[in-house]
Amino acid sequence: AKAEGKHGAKLFHADMDINYQHRQRLKFDLSQAVADQDLSLAFQPLIDLSTGKVVSCEALVRWTHPSLGVIPPSTFIPLAEEMGLISAITNLVLRQATRECSRWPAHIGVAVNISARDFRSGDVHQMVNRSLAEAGLAANRLELEVTETALIEHRESAIESLKAFAAQGIGISLDDFGTGYSSLSYLQALPFTKLKIDRSFLSDIVTDRRARNLLTNVARIGTDLNMCVLAEGVETEEQLQVLRDHSRVQQAQGYLFSRPLPARDVADFIRHFEAA
Ligand code: C2E
Ligand code: CA
Ligand code: CA
Ligand code: CA
């Protein structure tokens, strides 16, 4: 048993080591990719359920590692945050996203994810406004998506920043709503224009009445506060039907409408979707 324990411990160590080395390599390669502007964007449309039209597209960052292939943002965004690289990524995403948006029909906006750390660095305003100016894009075509975590970790600076953005006419969306653990009091204190209900709330709505009730009530929180309510992760027609019948959800996003698209395919998608 003793030998086994030893052996086990050794294996565990070896594993940790590989893991550590792997992370170090990813970090190194990520900083290279950011320096070379080797990240790209995919865009996923947000659909208005009453008009059936695309209202905006969310920019989602993509990294294809030269030898390891596609690394998901859920892996490299936390690394970037650890390394202090996130504001460089946010800046890159803002510039590319606003530039793409300026080529789309004027009624279609673009949504960009802002990380908690971006509020700490303090130059998020400059990044946003420089991107808008360079792209020649009106402020009201930009939405910034923030999570509850960002608000908890950097409450003071986040509130100040978001109020300034809202005053400019930039949309502010609360992302992944319902997955945080904070109190709901900040919902009133902050100038959110949109509440994005996390897709975990949609998983059982077709089969489970209690899940439907929960969704309805979560959506009500948003509408009562005059926010636009969006459901994330709509994958099936059945889910869409439930959304229409049982909730006050106004907008939706998910694989049912479209996977995230390469930038060059967005304009075509909008044209075809709106013609259909
Ligand atoms: P998110 O902001 O909640 O983005 C939505 C994620 O859900 C995207 O994953 C999208 O591809 C995925 N998704 C969309 N529709 C469906 C669906 O119907 N079913 C399922 N199962 N998934 C769906 P992605 O692109 O892998 O991004 C993951 C997360 O990484 C994002 O979650 C966001 O938190 C972060 N992220 C992505 N791009 C950026 C960025 O530019 N900056 C920052 N700070 N974070 C980003
Ligand atoms: Ca988002
Ligand atoms: Ca989300
Ligand atoms: Ca998410």
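Note that these values count all heavy atoms, side chains included, but never hydrogens, waters or copies made by symmetry. Remember, it's 1-based here, ligands and their atoms both numbered in the order they're listed.
Across every non-hydrogen atom of Glu148 and Phe177, the tightest pair is OE2-CA, 3.9 Å. Closest of all the heavy-atom pairs between Arg141 and Ala106 is NE-O, 3.4 Å. Across all their heavy atoms, Phe76 and Arg62 have their closest contact at CZ-C, 4.4 Å. The two residues Ala164 and His125 make their nearest non-hydrogen contact at CB-NE2, 3.3 Å.
Close contacts between ligand 1 and Gln44 involve ligand atoms 14 (C), 15 (N) [criterion: under 4.0 Å to a heavy atom]. Taking every non-hydrogen atom of Val93 and a distance limit under 4.0 Å, the qualifying atoms of ligand 1 come out as 41 (O). The atoms of ligand 1 that sit less than 4.0 Å from any heavy atom of Glu235 are 17 (C), 18 (O), 19 (N), 20 (C), 21 (N). The atoms of ligand 1 that sit less than 4.0 Å from any heavy atom of Asp176 are 3 (O).
The distance from the Ca ion (ligand 2) to the nearest N/O/S atom of Asp176 is not under 3.0 Å. The Ca ion (ligand 2) lies under 3.0 Å from an N, O or S atom belonging to Asn113. Inclusion of Glu58 in the first shell of the Ca ion (ligand 2) is supported: an N, O or S atom falls under 3.0 Å.
Any N or O atom pair closer than 3.5 Å counts here, and Ser74 shares no such pair with ligand 1. Note: no N/O pair closer than 3.5 Å links Gly254 and ligand 1 by distance alone. Of the polar atoms of Glu58, at least one N or O is found under 3.5 Å from an N or O of ligand 1, judged by distance alone. Remark: ligand 1 and Glu145 share no N or O pair separated by less than 3.5 Å (distance only, no angle test).
Counting heavy atoms closer than 4.0 Å to ligand 1, residue Arg62 contributes side-chain atoms (C-beta onward) but none from N, CA, C or O. The parts of Asn113 lying near ligand 1 are both backbone and side chain, judged by heavy-atom distances below 4.0 Å. Residue contacts with ligand 1, taken as heavy atom pairs separated by less than 4.0 Å, involve Val61 via backbone and side-chain atoms alike. Neither the backbone nor the side chain of Asp198 has a heavy atom within less than 4.0 Å of ligand 1. With a heavy-atom cut-off of 4.0 Å, Ile89 does not touch ligand 1 at all.
Side chains of Leu60 and Asn113 form a contact here, defined as non-hydrogen atoms less than 4.5 Å apart. Here the side chains of Ile170 and Asn140 are not in contact, with every heavy-atom distance at 4.5 Å or above. Looking at heavy atoms from C-beta onward, Ile270 lies out of side-chain contact with Pro45 at the 4.5 angstrom threshold.
We find that Lys163 and Glu160 are not joined by a salt bridge, their nearest charged nitrogen and carboxylate oxygen being 4.0 Å or further apart.
Side-chain contact check for Asn217 and Arg220: at least one donor-acceptor pair (N or O, by modelled atom type) lies under 3.5 Å. Between the side chains of Ser50 and Asp48, a donor-acceptor pair is found at a separation under 3.5 Å.
Ligand 1 has no atom lying under 4.0 Å from any heavy atom of Gln253. The closest approach between a heavy atom of Glu232 and any atom of ligand 1 is below 4.0 Å. At least one heavy atom of Pro260 sits closer than 4.0 Å to an atom of ligand 1. Remark: distances from the non-hydrogen atoms of Lys196 to ligand 1 are all 4.0 Å or more.
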Practice problem: May I have the step-by-step check of salt bridge (charged side-chain N to carboxylate O under 4.0 Å, His left out) for Lys196 and Glu58, ending in yes or no? | Solution: CA-CA 12 Å; Lys196 298 186 82 173; Glu58 179 176 357; 2.9 Å; yes
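Atom OE1 is the N, O or S atom of Glu145 at the shortest distance from the Ca ion (ligand 2). If you look at Asp175 and ask which of its N, O or S atoms sits nearest the Ca ion (ligand 3), the answer is OD1. Sorting the N, O or S atoms of Glu232 by how far they are from the Ca ion (ligand 3) puts OE2 first.
Relative to atom 13 (N) of ligand 1, the option among Tyr255, Phe257, Phe76 with the closest non-hydrogen atom is Tyr255.
By the 6.0 Å contact criterion, CD on Glu235 is enclosed, its count of non-hydrogen atoms from other residues, nucleotides or ligands being greater than 12. Within 6.0 Å of CZ on Arg248 lie more than 12 heavy atoms contributed by other residues, nucleotides or ligands.
By the criterion of side-chain heavy atoms lying less than 4.5 angstrom apart, applied directly or through intervening Ile, Leu, Val, Met, Phe, Trp or Tyr residues, Val242 is grouped together with Ile47 in one hydrophobic cluster.
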